[in-house]
Number of protein chains: 2
Amino acid sequence: MDIAAMREANPDHWMKAAAIRALTLDAVAAANSGHSGMPMGMADVATVLYENHLNFDPKAPDWADRDRFILSAGHGSMLLYSLMYLTGYEDITLDEIKNFRQWGAKTAGHPEYGHARGIETTTGPLGQGIANSVGFAIAEEIQRATWGKNIVNHYTYVMAGDGCLMEGVSQEALALAGMQELSHLIVFWDNNNITIDGTVDIADKTNQPQRFAASGWHVLEIDGHDPKAIDAAISEAKKDPRPSMIACKTHIALGHAAQDTSKGHGALTDADQMAAAKEVYGWTTGPFEVPADIKKSWEDMAKRGQAAHADWDARFDKLSGTKQAEFKRQYAGEAPAKLSAVIRAFKKQTTDSAPKMATRKSSEKTLEVVNAIMPETIGGSADLTGSNNTKTADMGVFHPTDRKGRYVYYGVREHGMAAAMNGMALHGGAKPYGGTFMCFTDYARGAMRLSALMGVPVTYVMTHDSIGLGEDGPTHQPVEHLAMMRATPNTNVFRPADTVETAEAWEMALTSTSTPHVLCLSRQNLPTVRTTHKTKNLSAQGGYVLAEAENKRKAIIMASGSEVEVAMEAKALLEAEGIGARVVSMPCMELFAQQDEAYRKRVLPAGPVRVAVEAGIQQGWDQWLLGERGNHKKAAFVGMDSFGASAPAETLFEKFGITAADVAKAVKDLL
Amino acid sequence: MDIAAMREANPDHWMKAAAIRALTLDAVAAANSGHSGMPMGMADVATVLYENHLNFDPKAPDWADRDRFILSAGHGSMLLYSLMYLTGYEDITLDEIKNFRQWGAKTAGHPEYGHARGIETTTGPLGQGIANSVGFAIAEEIQRATWGKNIVNHYTYVMAGDGCLMEGVSQEALALAGMQELSHLIVFWDNNNITIDGTVDIADKTNQPQRFAASGWHVLEIDGHDPKAIDAAISEAKKDPRPSMIACKTHIALGHAAQDTSKGHGALTDADQMAAAKEVYGWTTGPFEVPADIKKSWEDMAKRGQAAHADWDARFDKLSGTKQAEFKRQYAGEAPAKLSAVIRAFKKQTTDSAPKMATRKSSEKTLEVVNAIMPETIGGSADLTGSNNTKTADMGVFHPTDRKGRYVYYGVREHGMAAAMNGMALHGGAKPYGGTFMCFTDYARGAMRLSALMGVPVTYVMTHDSIGLGEDGPTHQPVEHLAMMRATPNTNVFRPADTVETAEAWEMALTSTSTPHVLCLSRQNLPTVRTTHKTKNLSAQGGYVLAEAENKRKAIIMASGSEVEVAMEAKALLEAEGIGARVVSMPCMELFAQQDEAYRKRVLPAGPVRVAVEAGIQQGWDQWLLGERGNHKKAAFVGMDSFGASAPAETLFEKFGITAADVAKAVKDLL
């Protein structure tokens, strides 16, 4: 690289980009860990983007109509932190830059959503950012159609590296984006030909432009260090009716001894090499020092966005008060005030009619009343719409020909769906939910963990939640998945027993602002077990007494979902023999654990034997069977301890020993 | 479709293919569930493949040099079962066909590896088969180079549908296959333009031929119902030096009223429509009846493969006895006899030198001695070779220019790597292991579950197994993953405490023939805690007494991995205060649970208080803290109950309260 020539050709641009490179070197050296090379390679693209295109307002990082900037290659976090510090985001001070990767810093090793206002999403696990961005862009399209261009009209810019593009989820994302013609989505590919193990070609020779073009993308190829070419490409991309991929040929760790090598990917902390790189850049100030004129030129970049923000405010003020309030409600992620009444009415009606119904169908019935009053829901399924019961009658299908449609056919792309839902929720103004078979949470897990880590209130509609799925067999039957999902912090796993509990679960999901919910729903029909109407959302307590012992209480039977019916039948068998048994429905262990001890003790008093029944493994139940006031000598579990099998569902429940008779026997064995 | 013309043009072919279609209709109708349309659409391709190309021997389904046939679109299982019954595989009788999807049948809803000899892999979760096939083809390439074409020289054929190609894992697989120029891999794409939710274009408009070509594949496009075109395409594909994708334009549910519709994907059981379809086919016999001449023509297809098998036997017999025995050993998946002695010697040497070393490094040291005596190992990493320590000095890199290299740079493709490893193990003659950061088991989970379900002994080398990873932060720090992996049936999750336990874990992994192993390894250095040499593999018991109480025993401290050091330090603190504490190392809970009760009781006697310490969540520990003879009033857990954070590792252990002082305090609080 003839860096001297680059400096000379565009001296102003050069020094602005050099500020990113110098800050990156300094912060990584101070932390003695991190990733220097990516920010040094993509500094030119970022500088041109912020200077000439990105509409942002550092004083109002949450302005609804800002352009979104997503650093999918999250290890290059110092690029983002540099940009935020330089342009004047209040949360990213110079002290934060100096404190990179330390306890309590907002400048975590990878960008963490919620640590600083202005970080749009958590990235680091590769491929997630580019897959989030499809959700951002879908939300923007729907809202642009709904609210008009005066209120919603912005771009989503993404920086993705070779790692992001090798991850399978990127294919799911780009194929969906191409089919949906998401014209406001622009991806920069940091084409530096370097991965951790070596040059990219030791593992990949994919022609990425051809690959994107195959899925309907507009593709441009440029020198990623040429500011004029970068600027022209972005301008062209903004005009094209397709999503755009700009392949930026770059040099990782530009100007450093480690340039163009795998070593350049990591922490470049050698003092002499750092000094040499800074000399090449013409950067003469001390560590963390950005000359005032350069800092000012960065801060000035915000003016375009701030003017746009002021214009937007003026337009927004012209909306009716009702519309303004509705827009703000949706962006605050608050459920409408009437949701509670609507759910109550639905519960009442359900209790009265007492249907026998699969909870996946109960979920659809609930969504019918919810979607009618929540225009911000965006539903979808990974090609199992009819099985997941996720599409309600009033929902149009999101498509290039119908931008107001708010049902997304995601295709067979569970991971891409989950990541897109994260993006929609992060974008704001959208309440996404999406479905697949519960077993295929396996495919979506990478993004589901990020829902929990970021605290975004998406809802996973996971149907066919046990061996009750039947003939499709063990590949499609979740066994360990309830335990796995319950293991994840900040995830509410609901397994409702009937239509009433399903409605209550949905109420919890829709009113949540910081916790994702997983609704685990049955394929098979279940009776209504909540036969007395209660205004209160009993499921909100996680577990509660569904039926009290009639004879002297000797046992407590706990169950969730489809096994609550089994527990109730077992209770009947026991009571007939004079053995009193309480049935505790446990739709959500996480919420039960959050109740105070006195409540938990009332529901699960010491004394009676305890049996839990669930068509999954025992692992998550031990805390209620054995812990707190439970006792291993007086507790048993009826459930699965192996994979399932292919056969009709009723046969499977019998063969695996999950019947009322099995539960009654377990109780009697303990007495 | 002018089916009459098709029948007339190739009457013999037609009736053979019709046998598949008729059996499929009959079996699905009898089960009243299943997927009729795919077998009916791909029957022509399958018939030509079996008749003219596939080298198979129904009397010897395990013949090492057979061609492999992988039904990635596993829901079309009746295609495979029909082929196996018609050609005379002994395990798939007509009774099995009649018993499709019933309890105990070998003909499960989706093909299940191990149910019948001749089923090469379990499919159903979409994309897995095509990703497995890359592993099959890599194993074949390596073995062809190693043993010579006389002994190993066969093709891997795959049938994949639109769903398989939409799943992200397919991109990881095809990009790797293209880069590796796996010329013996031939994929048929069932291009029927139908998914469950509708026509493919509601979710995808990808130009699949262009996409495959972008990754270096040879692509052919044909009419999937024209036997001559199918035959010519396969012949051409076999000659090409690249992997080949044959796009087969087909009609789902050909000849049925549901042809070319989403309904055609599922169970077509309407009696009148079935009768009409059979009439169109010219199929006049009753349900499940295949005319003798047609059955014979199918059985005759095996002759080519059987002759090839006989020739192969003759060539194999010419190998030296030593070579024959070695080949058979590798295909039986048996570790070499000397492995045990080699591991023992390594343990002895380690105990003597007592290194302070990260267990990921311990794993590399172990692999150095293992790989020297096990030529069947195939190592790799998802672009973290230097961090996972998976490449030993003697390993060449698998590449088009070095087919004997047995280290694979998988690229940033955790899911594709895991699925490829399954394929290698299923192929036979290979012992795959592969690494990534433990947090990214999230990405590989779809294939890891199948390792367990199929019982294939692959080894996952999962490093950076806790907050000990440090500054990269919560996106890279596993917290819930130990519990999640322990939740999965038939998976041994090892978290060794030092180099000795790491070697013992590897011995268990390498001698396993039916259980996958996950090795959870530290980033940070750990002291040698096994300071006395024991010949016996103590880790094989899952948990054992590492250090006995010196004072009167009042506490048992259980720990795994990096927290065994913490437990030992806590013990020292307690003993200094006169409190006797036993330390139990628990490297593998699954194996501890499999010991007899007397042993478990000796390790964990009733009486002393119990504290477990692990830098993960509590969920899996409850069984030992509270269950069996534990007691919730006398038990505590020291670990994580939230996501981690970005900071140096030592800071994190302090801030999250996982130190010797915390453990000692927990013990004292209970006493």
Side-chain angles (χ1 to χ4, degrees), chain A residues 33 101-103 108-110 124-126 163 166-169 171-172 175 179 195-197 202-207 210-211 214-216 383-385 409 411-413 415 442-443 445-446 449 453 471-475 480 483-484 487-489 617 619 622-623 626-627 632 642-643 646-647 651, chain B residues 33 101-103 108-110 124-126 163 166-169 171-172 175 179 195-197 202-207 210-211 214-216 383-385 409 411-413 415 442-443 445-446 449 453 471-475 480 483-484 487-489 617 619 622-623 626-627 632 642-643 646-647 651:
Chain A
S33 87
R101 293 182 152 237
Q102 304 308 304
W103 179 262
H110 294 79
L126 293 173
M166 281 197 253
E167 290 288 1
V169 69
Q171 180 64 26
E172 301 182 16
M179 175 264 151
T195 67
I196 292 174
D197 277 355
I202 65 169
D204 192 42
K205 290 184 178 166
T206 299
N207 181 327
Q210 188 181 354
R211 174 185 167 208
S215 286
D383 197 40
L384 287 167
T385 294
Y409 287 122
V412 189
R413 302 182 182 114
H415 201 176
D442 283 349
Y443 281 64
R445 164 77 195 159
R449 184 179 204 244
L453 179 58
E471 291 90 343
D472 273 351
T475 52
E480 67 275 40
M484 292 176 65
T488 308
I617 65 160
Q619 192 172 279
D622 285 337
Q623 58 186 319
L626 313 172
H632 62 85
S642 70
F643 292 110
S646 171
T651 308
Chain B
S33 87
R101 295 183 150 233
Q102 304 308 305
W103 179 260
H110 294 79
L126 293 172
M166 280 199 252
E167 289 288 1
V169 69
Q171 179 65 25
E172 301 184 16
M179 175 266 151
T195 68
I196 292 174
D197 276 355
I202 65 167
D204 192 42
K205 289 184 178 167
T206 300
N207 181 326
Q210 187 181 353
R211 174 186 167 208
S215 285
D383 196 42
L384 288 168
T385 294
Y409 288 122
V412 189
R413 303 182 181 115
H415 201 176
D442 283 348
Y443 282 65
R445 165 74 195 158
R449 184 179 204 244
L453 179 59
E471 292 89 342
D472 273 351
T475 52
E480 67 275 40
M484 290 175 67
T488 308
I617 64 160
Q619 191 173 281
D622 285 337
Q623 58 187 318
L626 313 172
H632 62 87
S642 69
F643 291 110
S646 171
T651 308

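So you know, we letter chains A, B, ... as the sequences are listed, proteins then strands, and number each from 1. These numbers come from the heavy atoms of this one structure, side chains and all, not from hydrogens, waters or symmetry mates.
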Picking from [options], which has the most non-hydrogen pairs under 4.5 angstrom with chain B?
options: A:Asp622, A:Asp197, A:Ile202; result: A:Asp197
options: A:Gly163, A:Ala214, A:Ala647, A:Gly168; result: A:Ala214
options: A:Val169, A:Thr195, A:Leu453; result: A:Leu453
options: A:Glu167, A:Arg211, A:Lys205; result: A:Glu167
options: A:Gly473, A:Ala175, A:Gly627; result: A:Gly627
options: A:Gln102, A:His110, A:Glu172; result: A:His110

**Asked** B:Tyr443 versus chain A, heavy atoms under 4.5 Å apart: side chain, backbone, both or neither?
**Response** side chain

**Item:** Part of B:Ile617 within contact of chain A (heavy atom distance under 4.5 Å)
**Value:**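 Only the side chain of B:Ile617 comes within 4.5 Å of chain A.
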
Taking [options] one by one, which has the highest count of heavy-atom pairs under 4.5 Å against chain A?
options: B:Thr206, B:Asp383, B:Asp442; answer: B:Asp383
options: B:Ser215, B:Ser33, B:Pro474; answer: B:Pro474
options: B:Ala203, B:Gly411, B:Gly446, B:Ser642; answer: B:Ala203

**Prompt:** After noting the C-alpha distance and the side-chain angles of B:Asp472 and A:Arg101, does the key distance pass the side chain to side chain contact (heavy atoms under 4.5 Å, CB included) rule?
**Reply:** CA-CA 8 Å; B:Asp472 273 351; A:Arg101 293 182 152 237; 2.7 Å; yes

**Message:** Applying salt bridge (Lys or Arg N to Asp or Glu O under 4.0 Å), can you list everything that pairs with A:Glu480, at least two apart in sequence or on another chain?
**Reply:**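 With sequence neighbours excluded, A:Glu480 shows a salt bridge (Lys or Arg N to Asp or Glu O under 4.0 Å) to B:Arg445, B:Arg449, given in chain and number order.
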
**Request:** Answer yes or no: is there a side-chain heavy-atom contact under 4.5 Å between A:Ile196 and B:Thr385?
**Result:** no

**Request:** Working to the nearest 0.5 Å, report the span between CZ of B:Arg413 and CG of A:Asp204.
**Result:**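 It comes to 4.5 Å.
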
**Asked** Would you say B:Ser646's side chain and A:Ala108's backbone share a donor-acceptor pair under 3.5 angstrom?
**Response** no

**Complete:** Here the pair of heavy atoms bringing A:Ala483 nearest to B:Ala487 is CB-CB, 4.1 Å

**Complete:** Applying side chain to side chain donor-acceptor pair (under 3.5 Å) to B:Thr651 and not counting sequence neighbours gives none

**Asked** Measuring heavy-atom distances to chain B, does A:Leu126 have an atom under 4.5 Å in its side chain, in its backbone, in both, or in neither?
**Response** both

**Prompt:** Checking heavy atoms, do the side chain of A:His415, its backbone, both or neither come under 4.5 Å from chain B?
**Reply:**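 For A:His415, the contact with chain B is made by the side chain alone.
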
